[in-house]
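When reading the values below, keep in mind they use all heavy atoms of this one structure, side chains included, and skip hydrogens, waters and symmetry mates. Note that ligands are numbered from 1 as they come in the structure, with each ligand's atoms numbered from 1 the same way. Computed from a predicted structure; not experimentally measured.
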Amino acid sequence: MPILPILHYPDERLHTIAKPVSVVDNAIRQLVADMAETMYAAPGIGLAATQVDVHLCVIVMDISETHDQLLALINPVILKAEGEAVRDEGCLSVPGIYEPVTRAARITVKYLDLEGKEVIQTADGLIGVCIQHEMDHLEGKVFVEYLSRLKQGRIKLKMKKRARETM
Ligand code: K2U
Ligand code: ZN
């Protein structure tokens with residue numbers, strides 16, 4: 001299974017709005033497998049298909065210490081969002097940047113699993129944050145967009161400098 005290249009901010013493709021998956025078939029299951037391998041290799045605890053330049057509503061995550069509890073969410077929809085919580089976030093598309101972001105403390109999310117079965121579950125803590133972070137990616141939003149314009153400008157310059165140095 002290939003490790004897929006991860007798009008880096010401010011790549012415009014990160015602002016593409018993902019399309020819903022029409023059928024959960026073997027091609028989608030292969031995409032999930034490739035995304036999972038890419039996420040574990042990064043390493044990260046979540047990854048959205050947008051970040052590997054595939055614009056479909058698919059996210060993977062694994063917050064377990066043993067990296068063997070993969071969760072794949074297809075066509076995720078937040079049904080309910082409650083409370084507020086602030087947590088430092090990072091992003092595989094914005095390497096080296098960690099900033100506080102305010103998100104819902106607890107969410108109820110509906111999605112399709114790898115067999116195409118509908119699942120509804122609540123999530124809080126790190127998994128709740130991760131789901132919200134990944135779902136932002138599917139909507140073309142990168143977490144730095146919650147920061148001030150000044151900070152966003154500085155991060156853009158830093159990422160562009162980093163890209164030039166690694167060419
Ligand atoms: O979207 C991504 O780049 C995946 C993030 C997921 C994530 C972001 C913020 C908060 C939780 C999860 C990467 O895994 S960033 C690396 C990371 C690793 C452990 C904890 C937080 C962030
Ligand atoms: Zn991210």
Side-chain angles (χ1 to χ4, degrees), residues 1-19 21 28 31-78 81-109 111 121-148 151-160 162-163 166:
M1 291 177 288
I3 290 176
L4 306 171
I6 295 176
L7 299 177
H8 284 160
Y9 183 81
D11 192 310
E12 273 307 310
R13 290 171 290 182
L14 285 169
H15 301 299
T16 307
I17 295 176
K19 291 185 169 51
V21 167
I28 294 297
L31 170 62
V32 164
D34 295 346
M35 286 174 62
E37 185 177 3
T38 303
M39 175 188 74
Y40 288 125
I45 59 172
L47 190 70
T50 308
Q51 293 177 276
V52 291
D53 201 18
V54 174
H55 302 291
L56 290 172
C57 293
V58 178
I59 57 182
V60 296
M61 67 187 63
D62 184 345
I63 65 165
S64 68
E65 296 291 322
T66 46
H67 311 301
D68 58 0
Q69 309 282 324
L70 183 72
L71 184 60
L73 290 80
I74 298 161
N75 298 344
V77 174
I78 292 180
E82 300 162 285
E84 264 194 13
V86 184
R87 179 188 284 264
D88 270 3
E89 296 192 14
C91 181
L92 297 176
S93 294
V94 197
I97 302 294
Y98 295 90
E99 290 286 344
V101 175
T102 301
R103 295 190 188 272
R106 181 183 175 85
I107 58 172
T108 302
V109 61
Y111 61 91
Q121 74 176 68
T122 59
D124 56 13
L126 182 55
I127 193 158
V129 170
C130 191
I131 290 172
Q132 293 175 78
H133 178 108
E134 303 310 337
M135 287 183 68
D136 270 354
H137 276 301
L138 298 182
E139 289 158 22
K141 186 166 187 173
V142 182
F143 88 104
V144 297
E145 295 168 46
Y146 290 101
L147 307 178
S148 69
K151 274 193 175 178
Q152 288 182 53
R154 285 178 176 161
I155 291 166
K156 255 187 199 159
L157 286 174
K158 186 174 181 182
M159 290 294 120
K160 284 178 179 174
R162 185 178 184 279
T166 51

Next on the checklist: Is there a side-chain contact (heavy atoms from CB on, under 4.5 Å) between V144 and K151? Walk through the geometry before answering.
Outcome noted: CA-CA 8 Å; V144 297; K151 274 193 175 178; over 6 Å; no
Next on the checklist: The test is side-chain contact (heavy atoms from CB on, under 4.5 Å); show your working for D136 and Y146 and say whether it passes.
Outcome noted: CA-CA 11 Å; D136 270 354; Y146 290 101; 2.5 Å; yes
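Of the N or O atoms in H133, one or more lie within a sub-3.5 Å distance of an N or O in ligand 1. Considering both main-chain and side-chain atoms, H137 comes within under 3.5 Å of ligand 1 through a nitrogen or oxygen pair.
With respect to atom 4 (C) of ligand 1, the closest heavy atom belonging to the protein is G46 O, 2.9 Å. Protein heavy atom nearest atom 17 (C) of ligand 1, with residue, atom name and distance: I45 CG1, 4.3 Å. V129 CG1, 3.8 Å is the protein heavy atom nearest to atom 10 (C) of ligand 1. Scanning the protein heavy atoms around atom 5 (C) of ligand 1, the nearest turns out to be E134 OE2, 3.8 Å.
Contact annotation for Q51 and ligand 1: only side-chain heavy atoms (C-beta onward) come within less than 4.0 Å of the ligand.
Residue contact check for ligand 1: M39 places no non-hydrogen atom closer than 4.0 Å to it.
Applying side chain to side chain donor-acceptor pair (under 3.5 Å) to R103 and the options E89, Q132, E84 leaves one that passes, E89.
In the vicinity of G44, heavy-atom distances shorter than 4.0 Å reach the ligand 1 atoms 14 (O). The C91 neighbourhood of ligand 1 comprises atoms 3 (O), 15 (S), with distances under 4.0 Å to a heavy atom of that residue. Below 4.0 Å from some heavy atom of L126 lie the following atoms of ligand 1, by number and element: 11 (C).
Contact record, A36 with L70: CB-CD2, 3.7 Å, taken as the closest heavy-atom pair. Looking at every heavy atom in both residues, Y9 comes nearest to L14 through N-CD1, 3.5 Å. Minimum interatomic distance between R87 and L126 (heavy atoms only, all atoms of both residues): NH2-N, 3.4 Å.
Salt bridge present: R106 and D124 bring a charged side-chain N and a carboxylate O closer than 4.0 Å.
Rounded to 10°, the angle formed at the Zn ion (ligand 2) by H133 NE2 and H137 NE2 is 100°.
Aromatic ring pairs are classed by plane angle as parallel below 30°, tilted from 30° to 60° and perpendicular above 60°; the pair H133 and F143 is tilted.
Here atom 13 (C) of ligand 1 lies nearest to L92 when heavy atoms of V60, I63, L92 are compared. Considering only non-hydrogen atoms, atom 22 (C) of ligand 1 lies nearest to G90 out of G90, P95, A48, S93.
Between the T50 side chain and the H137 main chain, a donor and an acceptor come within less than 3.5 Å of each other.
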